[in-house]
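A short worksheet on the structure shown next.
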Amino acid sequence: MSNSHNQESSYLDYKGRFKGIFAWIFSTDHKRIALLYLYSIATFFIVGALLGLAMKLELIAPGKTIMEAKTYNGVFTLHGITMIFLIVIPGLPAVFGNFLLPIMIGAKDVSFPRLNLLSWWVYIFGAAVAISSQFLGNGPPDTGWTFYAPYSFRTTTNMLPAVLGAFILGFSSILTGLNFIVTIHRMRAPGMSWLKMPLFPWALYGTAWIQLLATPIVGITLLMIVAERTLHIGFFDPTLGGDPVLYQHLFWIYSHPAVYIMILPAMGVISEILPTFARKPIFGYKAIVVSTLLIAFIGYFVWGHHMFTAGMSGTAQFAFSFLTFLVAIPSAIKVFNWIATLYKGSIQLKTPFYWAVSFLFVFMIGGLSGLVLGSLATNVHVHDTAFVVAHFHFIVFGGVGYAFFAALHYWFPKIYGKMYDEGWANTGWVIFFMGFLILYLPMFVLGIMGMPRRYFDYVDEFSRLNIVSSLGAILMIFGLIVIILNLVRSARYGKTAMANPWGGPTLEWQISSPPALENFNEIPVVSKDPYDFSNVKLG
Amino acid sequence: MSTVAVHRDDVGSKIGMWLFIFTELLLFGGLFIVYAVYRYKNPVAFHLAGEELDVTVGTLNTVILLISSATVAMSISAVQYGNKRATLSYLLITILLALFFMINKYFEWSGKFGHGMYPGSEKLTELGQGEVLFFGLYFAMTGLHALHIIIGVTILLIMLVRIMNNKINKTYFVQLENSGLYWHLVDIIWIFLFPLFYLIS
């Protein structure tokens, strides 16, 4: 079956109604939209990473090194907004979800292809509005990505474009989630019952519900900030009777579930990659499905752990702390299942596998340090310190970032029909991984020593670890350059890829690389479990 | 470039619309939470401020929206029977009722503005924090609702044109159904706004 599509032109070469770039930006094909997202997200990621590097260079020595304090505030705000709203929230669902969801469930496209294209346009529009805040009038916003009241409507910087941009991006996220839920309900191939669906679509399903149910809350909250700034309607301003802590509640009701929007698809990616490279069915398929849904569900009720020091009753603190510990359980179940999948597997050491295993490593450090933050007593000590920054980057950059690179290498042959260069890819991974650990591990220690986050200066006691951390950042950026150059080069000059280079069991490996315009000539009929390797052929 | 074979899935479209309605309810949900918190903190001020609003106009608007909900449902029934004339007339009545609602709203708001009651006005700030919060929420929530009415009317107008062109007919009417669902959503939000601002005191 694998070579039956070779006579058809692939989605990359298809000639439609439009020519040149218009054949892409007006395409409703889910694969082309996925690549539109990939290129936009990659561009923003490079900008965000350079901003991060600028911060680390500022922190390499106490006092002013390369920028003023005010610039530093702008830089960490823009770094946060770019990375969170433009990259990790849309990242995996918009790129790999779009590309693979229809193929993995045996469909020709998503349920609403035109809505899908609209989501990308809304995304680009939102991104443009958010980025414009850097260049208009009164200087870049300096509130951090959380836009906390009352500072967010008192500061004279360009808050409006940043907040509106985040609102518009939320809209794009909602539309993508809506599209995916309907697609999964309505477009699964005959025979693909819920429990025969691969785990990446399952993860996208859980994610889509969070996108749908949590995003509107932050949407209206951001609109309230806009109304407060422009129309002086009292919502959160204490001088008008408002309650700034209420803003924090509303913000985190979305923004905590948002971290599960980020991490759930990442977990889905890992659940795809590990069985393929261990050549062994995933261990505990149902447990992973249930834990995905549990994370999505419990994740709604833990937002208060961001606010333990903001003023909250003891009972509420206790409840939020307990729920935080509870939500760690399904994540731990997944980790056990992944490790059990590797046990006695016949493991092929390829780049996606290295990324996936290093994901496990950093994800566990990130997850366990999360429990330090979720405990009431230790939280007070490390609240708003570099410890939080380290934890967050281990989970979000270590989780989503690593899964993104794992996915990029894993599905690269499918997307471009070319193989990446294994040697350079592994080199890039080693440099990146080392840089990552050298960058973020010292920040845990700095946080416990008491170094606050979001400060552009520090006392001399912190300087040794800060130098180490900053050197790590430089090393990591170097690794990133190797990885990106290798992929860009391989997309053009790489060796031609086979339909199933890894011996993957799921449906995307049964069609040609790159896929034909409509994925399948005939909609497949599914009878096997998703990770059944009995009839898988390499090549 | 469009998909070659047009894929039609009416049930899927309706699921999509219900999900979208869910997100709209949650959008207003954020405002309802804020309302609940501030009402709990300022019970007396909210009571007094609520009495400033005209219950008659509010009731009239509630009745208008309820009838419009019925007429849009009748329009959907009519299209299923293939009665184009009735479909169009019921839809037209719905749109006219929505316009009445907006006219009422205009007079209500401009009356408040005429008395110097608008966000950030001196008179409002003198009244005290509870009143500031109440009227802030009043203008924000009814304003956002009015915006939804405008969007709803626009959608219904598009439906009107599509019915006239026979794009929507006895065999394909899911767009009209979804527009009707949206219109019911706009109504149900008002059904909650009306008692919260006009009646509870």
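These figures come from a predicted structure and were not determined experimentally. Lettering of chains follows the sequences in order, A, B, ..., and the numbering in each one begins at 1.
Around CH2 of Trp194(A), the count of heavy atoms belonging to other residues, nucleotides or ligands within 6.0 Å exceeds 12. Other residues, nucleotides and ligands contribute over 12 non-hydrogen atoms within 6.0 Å of the OH atom of Tyr148(A). For Phe22(B), the CZ atom counts as loosely surrounded, since its 6.0 Å shell holds 12 or fewer non-hydrogen atoms of other residues, nucleotides or ligands. The environment of Lys14(B) atom NZ is sparse: at most 12 non-hydrogen atoms of other residues, nucleotides or ligands sit within 6.0 angstrom. Remark: Phe171(A) CZ is loosely packed, at most 12 non-hydrogen atoms of other residues, nucleotides or ligands lying under 6.0 Å away. For CD of Glu51(B), the number of neighbouring non-hydrogen atoms (other residues, nucleotides, ligands) closer than 6.0 Å is greater than 12. Other residues, nucleotides and ligands contribute only 12 or fewer heavy atoms inside 6.0 Å of the CZ atom of Phe192(B).
Per-residue counts of heavy-atom pairs under 4.5 Å with chain A were compared for Val132(B), Leu31(B), Ile15(B), Val34(B); the largest is that of Leu31(B). The candidate with the highest count of non-hydrogen atom pairs below 4.5 Å against chain B, out of Asp243(A), Ile181(A), Leu250(A), is Asp243(A).
In this structure, Tyr38(B) contributes its side chain and Gly241(A) its backbone to no donor-acceptor pair below 3.5 Å. Counting only distance, with no hydrogens or angles, the side chain of Gln129(B) and the backbone of Gly242(A) share no donor-acceptor pair below 3.5 Å.
Sorted by first and then second residue, the ring pair (Phe, Tyr, Trp, His ring centres under 6.0 Å) pairs involving residues 144-180 of chain B (not counting sequence neighbours) are Phe28(B)-His148(B), Phe101(B)-His145(B), His145(B)-Trp190(B).
Neither the backbone nor the side chain of Tyr118(B) comes within contact range of chain A, judged by heavy atoms closer than 4.5 Å. With a 4.5 Å cut-off on non-hydrogen atoms, Leu240(A) touches chain B through its backbone and its side chain both. Residue Val37(B) touches chain A through its side chain alone, counting heavy-atom pairs closer than 4.5 Å. Of the atoms belonging to Leu144(B), it is side-chain heavy atoms, and not backbone ones, that fall under 4.5 Å from chain A. If you measure heavy-atom distances from Phe235(A) to chain B, the contacts under 4.5 Å come from both the backbone and the side chain.
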Atom pairs and distances, side-chain donor-acceptor, residues 208-218 of chain A, under 3.5 Å, sequence neighbours left out:
unit_1: Trp209(A); atom_1: NE1; unit_2: Tyr205(A); atom_2: OH; d: 3.2
unit_1: Gln211(A); atom_1: NE2; unit_2: Ser173(A); atom_2: OG; d: 3.2
unit_1: Thr215(A); atom_1: OG1; unit_2: Gln211(A); atom_2: O; d: 2.4

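Put simply, CE on Met141(B) and CD1 on Ile233(A) are 12.0 Å apart, with the number rounded to the nearest 0.5 Å. Between atom CZ of residue Phe32(B) and atom CD1 of residue Ile220(A) there is a gap of 10.5 Å, rounded to the nearest 0.5 Å. Between atom CZ of residue Arg186(A) and atom CG of residue Asp10(B) there is a gap of 9.0 Å, rounded to the nearest 0.5 Å.
Considering only heavy atoms from C-beta on, Ile33(B) stays 4.5 Å or farther from His249(A) through its side chain.
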